Amino acid sequence: MCQQTQIVTVLPYFAQWMAQWPDFESLATATEEQVLAAWQGLGYYSRAKRLQAVAVQWCAAELKPQTAAAWLEYPGIGPYTAAAIASIHFRDPVAAVDGNVIRVLSRLVAAEDIFNSQQSAVTKLTPEAQRLLDHDDPGTHNQAMMELGALVCTKAKPSCLMCPLQSYCRGFALGHQDKLPRILRAAITERAVNRAWCVSNGRLLLQRYPAGSRRLAGVCELPELERLSEKMPDAVIASLQRGISNERIRETLRVLPVLDATKLHLETEVEWVWVSEAELSQTTLSGPHRKWIENLLKDYPLCLNQAYQK
DNA sequence: AATACGGGGTA
DNA sequence: TACCCAGTATT
């Protein structure tokens with residue numbers, strides 16, 4: 001859950017998840033639908049399915065993994081997560097290098113490199129992290145490094161005056177610690193999406209990305225208008241802006257009066273789902289669309305069908 | 001080596 | 001708005 005997601009965001013999801021599946025044995029029996037529902041709104045949905053797959057693989061394993069190298073064989077477990085699990089739980093002396101540690105180390109050694117990605121910074125600084133690691137207590141050391149980055153060696157306005165590493169910090173000595181690390185960001189691309197508010201018999205039409213989809217697999221959103229109709233209604237009833245990874249998406253919503261279900265394009269890569277207002281709470285939606293729909297229902301209740309067109 | 005993958009917090 | 005978060009897998 002914590003991969004690329006802030007701890008405070010994770011906390012309520014973690015509590016709910018652990019209450020539902022306290023161990024791998026129970027998680028191994030969960031369905032993909034249940035897992036996606038519990039992950040709803042957290043993003044990066046492939047993490048949920050991979051975590052469930054980890055539970056299945058772990059339960060089937062003769063020898064349970066105890067080293068970072070062994071954990072690396074599991075889906076969704078990369079160098080960071082493998083090192084975190086193995087060092088904290090099994091005392092495997094492997095440095096866990098996340099965004100926090102990159103920041104601490106790049107300032108500590110005053111790394112002047114201009115990295116093209118966080119990944120390249122990890123590659124460059126991992127040897128230094130491994131050199132500094134306390135082999136007697138790698139778990140505490142790794143957590144201390146991350147905690148230092150999260151609470152003291154922060155991105156903006158780091159608390160250098162109370163930092164226990166101040167006297168060792170080359171970045172502080174040179175006075176440009178807050179400019180480090182230097183990592184180039186990927187370009188943000190713009191995308192416009194036209195969506196449809198399509199209601200029939202008290203049910204709202206949604207599109208669902210299929211299980212194999214790379215993006216939002218198993219998650220529903222309001223349907224893209226182009227998948228439904230050749231001609232686009234004029235009136236925009238709502239609009240939404242949001243960021244998704246390296247994309248900025250501007251979405252507009254229009255009422256689609258054509259209700260002939262046979263007009264749905266069946267060859268498109270999404271599945272069509274009609275949901276009543278009651279079923280909506282049981283439906284896995286992307287976070288932004290759940291909020292969007294909840295707001296829209298106030299002005300466009302499903303029971304009124306298309307009467308609100310005017 | 002780049003890029004895709006969500007969503008939210010923060011200055 | 002722009003950056004970044006207890007990254008990983010795919011292209």
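What you see is a predicted model; the values in this text were computed from it and never measured. We use all heavy atoms of the structure for the numbers below, so side chains are in, but hydrogens, waters and symmetry mates are not. Just so we're on the same page: letters track the sequence lines, and every chain starts at 1.
Remark: the separation of the C1' atoms in C/dA9 and B/dG8 is 23 Å, to the nearest Å. Taking atom C1' on both B/dG6 and C/dC5, the two are 12 Å apart, rounded to the nearest angstrom. On the P atoms, B/dT3 is 25 Å away from C/dA6, given to the nearest whole Å.
Per the geometry, OH belonging to A/Tyr45 stands 15 Å off C1' belonging to B/dA4, to the nearest Å. Taking atom CZ of residue A/Arg185 and atom P of nucleotide B/dA2, one finds them 16 Å apart after rounding to whole Å. The separation between A/Gln118 atom CD and B/dA2 atom C1' is 15 Å, rounded to whole Å. In this structure, A/Ile188 places its CD1 atom 14 Å from C1' of B/dA2, rounding to the nearest Å. If you measure from atom CE of A/Met1 to atom C1' of B/dC5, you get 17 Å, rounded to the nearest angstrom. If you measure from atom CZ of A/Arg191 to atom P of B/dG6, you get 11 Å, rounded to the nearest angstrom. When rounded to the nearest whole Å, the span between CZ of A/Arg290 and C1' of B/dG7 equals 15 Å. Across the protein-nucleic acid pair, A/Ile244 atom CD1 and B/dA4 atom P stand 13 Å apart, rounded to whole Å.
Within residues 245-253 of chain A, the residues that have a heavy atom under 4.0 Å from DNA chain B are, in order of number, A/Ser245, A/Asn246. Shown for residues 210-220 of chain A: residues whose heavy atoms fall under 4.0 angstrom of DNA chain B, namely A/Arg214, A/Arg215, A/Leu216.
Put simply, the side chain of A/Val152 reaches to within 4.5 Å of the side chain of A/Met162, judged on heavy atoms. A/Arg254 is listed as a side-chain neighbour of A/Val236, based on a closest heavy-atom distance under 4.5 Å.
For A/Asp178, there are no side-chain hydrogen bond (donor to acceptor under 3.5 Å, both in side chains) partners at least two apart in sequence or on another chain. The salt bridge (Lys or Arg N to Asp or Glu O under 4.0 Å) check on A/Asp23 picks up nothing, with sequence neighbours excluded. Applying the ring-ring contact (aromatic ring centres under 6.0 Å, His included) rule to A/Tyr74 yields the partners A/Trp71; only residues at least two apart in sequence or on another chain are considered. For A/His289, the ring-ring contact (aromatic ring centres under 6.0 Å, His included) partners two or more places apart in sequence, or in a different chain, are A/Trp292. Among residues two or more places apart in sequence or in another chain, the side-chain hydrogen bond (donor to acceptor under 3.5 Å, both in side chains) test is passed with A/Asn246 by none. Checked against side-chain hydrogen bond (donor to acceptor under 3.5 Å, both in side chains), A/Arg107 has no partners two or more places apart in sequence or in another chain.
The hydrophobic cluster containing A/Leu11 also includes A/Ile7, under a criterion of side-chain heavy atoms closer than 4.5 Å among ILVMFWY residues, counted directly or through chains of members. Cluster partners of A/Leu161 are absent, since no Ile, Leu, Val, Met, Phe, Trp or Tyr has side-chain heavy atoms less than 4.5 Å from it.
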Write down the protein N/O and nucleotide N/O pairs, taken from nucleotides 8-11 of chain B, whose separation is under 3.5 Å; answer none if there are no such pairs.
| residue | atom | partner | partner atom | Å |
| --- | --- | --- | --- | --- |
| B/dG8 | OP1 | A/Lys291 | NZ | 3.0 |

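Here the closest non-hydrogen pair linking A/Trp17 and A/Leu27 is CZ2-CD1, 3.6 Å.
No contact: A/Ser120 has no heavy atom under 4.0 Å from any strand. Using a 4.0 Å heavy-atom criterion, one finds that A/Asn142 contacts no nucleic acid atom at all. At the heavy-atom level, A/Ser46 lies nowhere under 4.0 Å from the strands shown.
Nucleotides of DNA chain C that come within less than 4.0 Å of any heavy atom of chain A span, from the 5' end to the 3' end, C/dC3 to C/dT10.
For A/Arg50 and A/Gln241, each mapped to the nucleotide of DNA chain C holding its nearest heavy atom, the one lying further toward the 5' end belongs to A/Gln241.
Side-chain N/O atoms of A/Arg242 include one lying less than 4.0 angstrom from OP1 or OP2 on B/dG7.
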Self-check item: Derivation of the side chain to side chain donor-acceptor pair (under 3.5 Å) call for A/Asn194 and A/Glu226
Solution: CA-CA 7 Å; A/Asn194 300 303; A/Glu226 286 74 9; 3.2 Å; yes

Exercise. Start with the C-alpha distance between A/Arg242 and A/Glu221, add both sets of side-chain angles, then the distance that settles salt bridge (charged side-chain N to carboxylate O under 4.0 Å, His left out), and finish with yes or no.
Key: CA-CA 14 Å; A/Arg242 56 170 169 155; A/Glu221 291 196 323; 2.9 Å; yes

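Note: A/Leu51 CG to A/Gln3 CD = 9.0 Å, rounded to the nearest 0.5 Å.
A salt bridge does not link A/Glu294 to A/Lys291: none of the charged side-chain nitrogens sits closer than 4.0 Å to a carboxylate oxygen.
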